[in-house]
Amino acid sequence: MIKNYIRKELRDFKPYHADFIQQKIKLDANESPFTLSENVKKKLIEWIENEENINRYPDTDSTELRKTLASFWNVSIDNVICGVGSDQLIDCMMKVFIEPGDKVVMPTPSFSMYSSTVVLNHGVPIQVELNSDYSYPIENIIKSCKENNAKILILCTPNNPTGNVLFEEEIKKIAENVKCPILIDEAYGEFTSSTMIPFIKEYPNIVVFRTFSKAYGLAGLRVGYGVGNKEIIDAIYLTKPPYNLNTISQKIATWVLQDYKIYKDRISYLKKEREYLLEELKSLPNIKVFNSEANFILIETNKLNLVKKLEEKEIFVRSFPKNSKTILIRITVGTKEQNKILINAIKEILK
Ligand SMILES: *Cc1c(COP(=O)(O)O)cnc(C)c1O
């Protein structure tokens with residue numbers, strides 16, 4: 001009985017599986033609808049023809065990519081760490097700070113990976129409910145960190161799946177009142193204007209995680225990074241696996257940043273499409289729409305079969321049950337064409 005040997009906390013765990021959907025209208029995972037830019041594609045082909053060195057292990061420190069990120073953010077290379085997606089850095093951070101039984105405070109609803117990663121690393125997730133409009137309950141978060149003697153506080157802004165942001169002043173207030181390391185997950189930071197990266201010197205207990213998976217369209221390459229004071233970055237290095245980020249991912253992420261102008265235009269395009277979708281969704285009956293600063297929109301509806309009906313039309317969105325009468329649906333912003341098809345489909349289904 002292998003099961004009896006599995007760690008007790010994991011016996012009821014479900015392994016992460018997700019349908020691998022191709023060639024359909026895929027608005028379920030907050031990915032970018034755009035693939036590599038022409039410039040990046042050209043560099044990749046040239047590199048394969050002239051310099052390819054896949055027989056060698058990658059640069060374990062992702063030096064070129066970190067240098068490029070450091071100059072992009074106007075920080076020192078010592079302030080940057082790269083991971084196989086920001087997921088890996090979240091895991092590394094838990095490994096560094098959690099002793100068995102330590103508490104990690106996080107918002108709910110939010111990214112489900114947080115609590116599972118905490119449990120995998122022998123910690124105890126403490127979930128603080130967001131307010132009913134999904135704004136952050138600042139005082140409750142501070143109180144919960146103190147009462148639970150938190151080892152880590154996780155904040156997600158814009159929050160997945162609710163789309164709202166934590167304002168700079170709110171984060172500062174939290175950081176001034178909470179002593180433990182604070183992980184600020186800015187996975188969707190490119191779609192809003194605020195970031196805590198300029199404040200890493202002033203607030204040495206914060207570390208900001210970002211990713212190339214969403215705004216930059218590199219989900220298939222798994223590139224994430226953290227920016228923080230040298231002391232907290234050095235701490236995360238303690239648990240970073242050697243050679244974590246593969247050579248091709250390091251190269252392509254570097255070229256993407258060097259082609260920033262194109263990517264910036266794509267981000268503006270998606271932000272405009274987000275406003276279009278918000279407006280259209282708000283005009284529909286039986287749907288409550290939450291404002292968003294990310295590349296997705298959360299809606300609440302009592303039309304429980306909406307997701308299934310959309311799937312019949314080959315449109316895929318992400319749903320979260322709320323209670324027996326309502327569901328929450330998270331819709332990723334796609335291309336103009338995809339968004340139009342989506343809106344027309346919802347209109348037809350609700351008719
Ligand atoms: C998608 C996502 C991530 C993970 O991104 P990767 O870099 O692909 O691991 C992290 N945090 C949030 C909130 C996300 O939605």
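Because only heavy atoms are used, hydrogens play no part in the values below, and waters and symmetry mates are left out as well, while side chains stay in. Counting convention: from 1, in listed order, for ligands and their atoms alike. Residues: numbered from 1 along the sequence shown.
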Side-chain donor-acceptor pair present, [X], [Y], cut-off under 3.5 Å:
{"X": "Asn305", "Y": "Lys309", "result": "no"}
{"X": "Asn30", "Y": "Tyr188", "result": "yes"}
{"X": "Asp133", "Y": "Ser135", "result": "yes"}
{"X": "Asn160", "Y": "Arg330", "result": "yes"}

Item checked: Short N-O contact, Lys172 and Glu168, less than 4.0 angstrom -> yes

Note to self: Who clusters with Tyr57? Use side-chain heavy atoms, under 4.5 angstrom, across I, L, V, M, F, W and Y, and order the result by chain and number.
What the structure shows: Tyr243

Check: Name the residues with a heavy atom less than 4.0 Å from ligand 1?
Finding: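 Under the 4.0 Å cut-off, ligand 1 touches Gly85, Ser86, Asp87, Phe111, Tyr114, Cys156, Asn160, Asp185, Ala187, Tyr188, Thr211, Ser213, Lys214, Arg222.
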
